[in-house]
Asker: 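Provided herewith is a single structure, encoded as structure tokens, for subsequent inquiry.
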Amino acid sequence: MSEKILIKGNEAIAEAAIAAGCRHFFGYPITPQSELAAYLARRMPKVGGVYLQAESEVAAINMVYGAAAAGVRCMTSSSSPGISLKSEGLSYLAGCDLPAVLINVQRGGPGLGGIQPSQADYFQATRGGGHGDYHIIVLAPGGVQEMYSYTRDAFDLADKHRMTVMVLTDGILGQMMEATATENGEQTADNRQEKPWAVGGVRGERARNIVNSLYLKPSELEATNLSRYEKYKQVEETEQKYDSYLLDDAEIVVAAYGASSRIAKNAIDEARSKGVKAGLLRPITLWPFPKKAFAAAAKKARAFVSVEMSMGQMIEDIELSIRCSRPVTLCNRVGGMVPDPAMICEAILNANKEATA
Amino acid sequence: MSVVFQKTPMLTDAVLHYCPGCTHGIIHRLVAEAIDELGVGGRTVGIAPVGCSVMAYNYFNCDFIQAAHGRAPAVATGVKRARPDNIVFTYQGDGDLAAIGTAETVHAAARGENITVIFVNNAIYGMTGGQMAPTTMPGQVTQTSPYGRDPKTAGYPLRVCELLATLDGTAYCERVSADSVKNVRAAKKAIKKAFQNQIDGKGFSLVEVLSSCPTNWGLTPSAALDWIRDKMIPYYPPGVYKDTP
Ligand SMILES: Cc1ncc(C[n+]2csc(CCOP(=O)(O)OP(=O)(O)O)c2C)c(N)n1
Ligand code: SF4
Ligand SMILES: [Mg+2]
């Protein structure tokens, strides 16, 4: 059952969390994600849920840590500077293999940066963010509909793999309004998932559960890391996700995610009208990066262009995925500036010229 | 033969790792007895801090979460909001609760979170080898205040009960001491009340226990208890600072 409504990206994420059965949200205000929290502050009490404004992002992520340990679906959201503060909690969530959902509506950095859209947190997101060997799953929606559906999916993925799933978006997508199909019908708190590891009191029925990431014996700590990386290998194998546009015969492959990918599509049409066979490969999972799709594209393509609102971050994953077998150039704007189609088109034409020369 | 004393069921059989003469062990027992006497062990979730009591999860016979340094009240908030029928308590040292976790402590209290906080004040960072804590007293020598804490450069200690008593959200806070039989009994009563308050839905309850660290104070266990009496109690007077009926 679905119904199309006109909704803002940030609100679509909030509504998707409700649809996923999330009834616990812990937040802290920051532009450009504030509508998300405001929406849930209105919505949660209506569905018997908890909206709690924490004293900081550090506290919010630790509330998520507690709620996740207690076995409920829970979420927190922020924007770039706030995500830095959440990194401690992300590392602990990973160390305890707890499922949680985190939203980053990125803005420009470093430091306080700006409040305009950016993709400069790519490294932070895809490399985990906090200390220690760990990963989080990172989903990059390309529009409001996907913000809804991938946030919905994020909760399932989190529970399935007992990992944090981040929905990585930006100020453009967060503020954008689009017609979006949402689920309706009965929305109940989703605590159906069996979570035999969760705390909640032994109630005379089971051995006690301990949620902990401390292992003073190096051999034991190593073993937890190794088994966690077995899980990550499985996730890399099964969860890579991407989308494409005019990719089949593409000689110049444009790689872009999120807001950048929307602009890149226009540039690809423009390049095609000038006789260059360009196509788009849009990663949807940034971790695991869709390596297989890139490796396959490299077999036919002559060059790649990484379109980013960052100083060349995703480009490293492209080069790794294709083992530097083709030239990869960067086309970017940063600090809240957005690449325009003409600039991307020029980058495509240049890549084509160099590949031909 | 009749049993005159035995381990309370809320304590596991694990051997405590605390130093000889450390009163962390006594405080563990008081907490465990309180939970057992109230009969809520089956629905209790404890939150362990970072500090000497980081492995409290090995000693308490209930579900447990180990939290990041200072974050236990936020973690407890998450659990309590997710499972309001759980009895949720944190067990934290002074560095954990009154330095790195001050914001989490004050705001959990300000929100009136219906949780129980056991605050072990030993005026030192025990686990890391005896550095100055937020509760280290003026003149007290530690590894990082080798000439004695000088308030001119190192500032003044925090009196947590006095601070929290000003907040509307705090239902109950009391300072007790683990230095003598009499005071240990009073501590037990306070701890039990802090749990009873949670059962009754009264809101944020905290018990501060003045505790010894013979190892890092460089004192024998009995001299350390004297030091609590002679130095700490005058600076941190025991008593009920807030008790909302
Ligand atoms: C983020 C972080 N900073 C610092 C530490 C190091 N550390 C471990 S225990 C501790 C002090 C604990 O002192 P206290 O809370 O007073 O507990 P006690 O050991 O005295 O019982 C510190 C600073 C840490 N583990 N994590
Ligand atoms: S270092 Fe101090 S606080 Fe820690 S166990 Fe030893 S005596 Fe107790
Ligand atoms: Mg201490």
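We name chains A, B, ... by the order of the sequence lines, and we start the count at 1 in each one.
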Asker: Between B/G70, B/A72, B/C62, which has the largest tally of heavy atom pairs under 4.5 Å with chain A?
Answerer: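 Most heavy-atom pairs under 4.5 Å with chain A: B/C62.
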Asker: Could you please state which residues from residues 87-121 of chain B sit under 4.5 angstrom from chain A, measuring non-hydrogen atom to non-hydrogen atom, sorted by number, or 'none'?
Answerer: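 B/A103, B/E104, B/H107, B/R111, B/E113 fall under the 4.5 Å cut-off.
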Asker: Show the nearest heavy-atom pair for residues A/C96 and A/S213, with the distance to one decimal.
Answerer: SG-N, 3.7 Å
Asker: Below 4.5 Å, heavy-atom pairs only: which of B/T44, B/N61, B/V75, B/V50 has the largest tally toward chain A?
Answerer: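 Most pairs with chain A among the choices: B/V75.
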Asker: Decide if atom CG of B/D200 counts as having more than 12 heavy atoms of other residues, nucleotides or ligands within a radius under 6.0 Å.
Answerer: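 Yes - once you tally the heavy atoms of other residues, nucleotides and ligands closer than 6.0 Å, there are more than 12.
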Asker: Most heavy-atom pairs under 4.5 angstrom with chain A, which of B/K80, B/R43, B/R71?
Answerer: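 Ranked by heavy-atom pairs under 4.5 Å with chain A, first place is B/R71.
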Asker: Does B/K188 form a salt bridge (Lys or Arg N to Asp or Glu O under 4.0 Å) with B/E37? I'd like the steps, not just the answer.
Answerer: CA-CA 11 Å; B/K188 164 78 178 294; B/E37 286 169 21; 2.7 Å; yes
Asker: Output the option from A/V50, A/L52, A/I61 having the highest count of non-hydrogen pairs under 4.5 Å with chain B.
Answerer: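 Ranked by heavy-atom pairs under 4.5 Å with chain B, first place is A/L52.
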Asker: For B/L167, does the CG atom sit with more than 12 other heavy atoms under 6.0 Å from it, leaving out its own atoms?
Answerer: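 Yes, the 6.0 Å shell around CG holds more than 12 heavy atoms from other groups.
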Asker: Are B/H28 and B/Y18 close enough that their ring centers fall under 6.0 Å?
Answerer: yes
Asker: Could you check whether atom NZ of B/K189 has more than 12 heavy atoms from other residues, nucleotides or ligands sitting under 6.0 Å from it?
Answerer: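 Counting other residues, nucleotides and ligands, NZ of B/K189 stays at 12 neighbours or fewer.
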Asker: Considering only heavy atoms, which portion of A/A198 lies under 4.5 Å from any heavy atom of chain B: side chain, backbone, both, or neither?
Answerer: backbone
Asker: Among A/R208, A/R203, A/M63, which residue forms the greatest number of heavy-atom pairs with chain B at distances under 4.5 Å?
Answerer: A/R208
Asker: Kindly state whether the ring of B/H69 and the ring of A/Y92 have centres lying under 6.0 angstrom apart.
Answerer: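 No, too far apart.
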Asker: Is a donor on one side and an acceptor on the other found under 3.5 Å between the side chain of B/S212 and the backbone of B/P214?
Answerer: no
Asker: I'd like to know which of B/V79, B/I47, B/N58 tops the heavy-atom pair count under 4.5 Å against chain A.
Answerer: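 Heavy-atom pairs under 4.5 Å are most numerous for B/V79.
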Asker: Quick check: does any side chain N or O of A/T151 sit under 3.5 Å from a backbone N or O of A/I13, one acting as donor and the other as acceptor?
Answerer: no
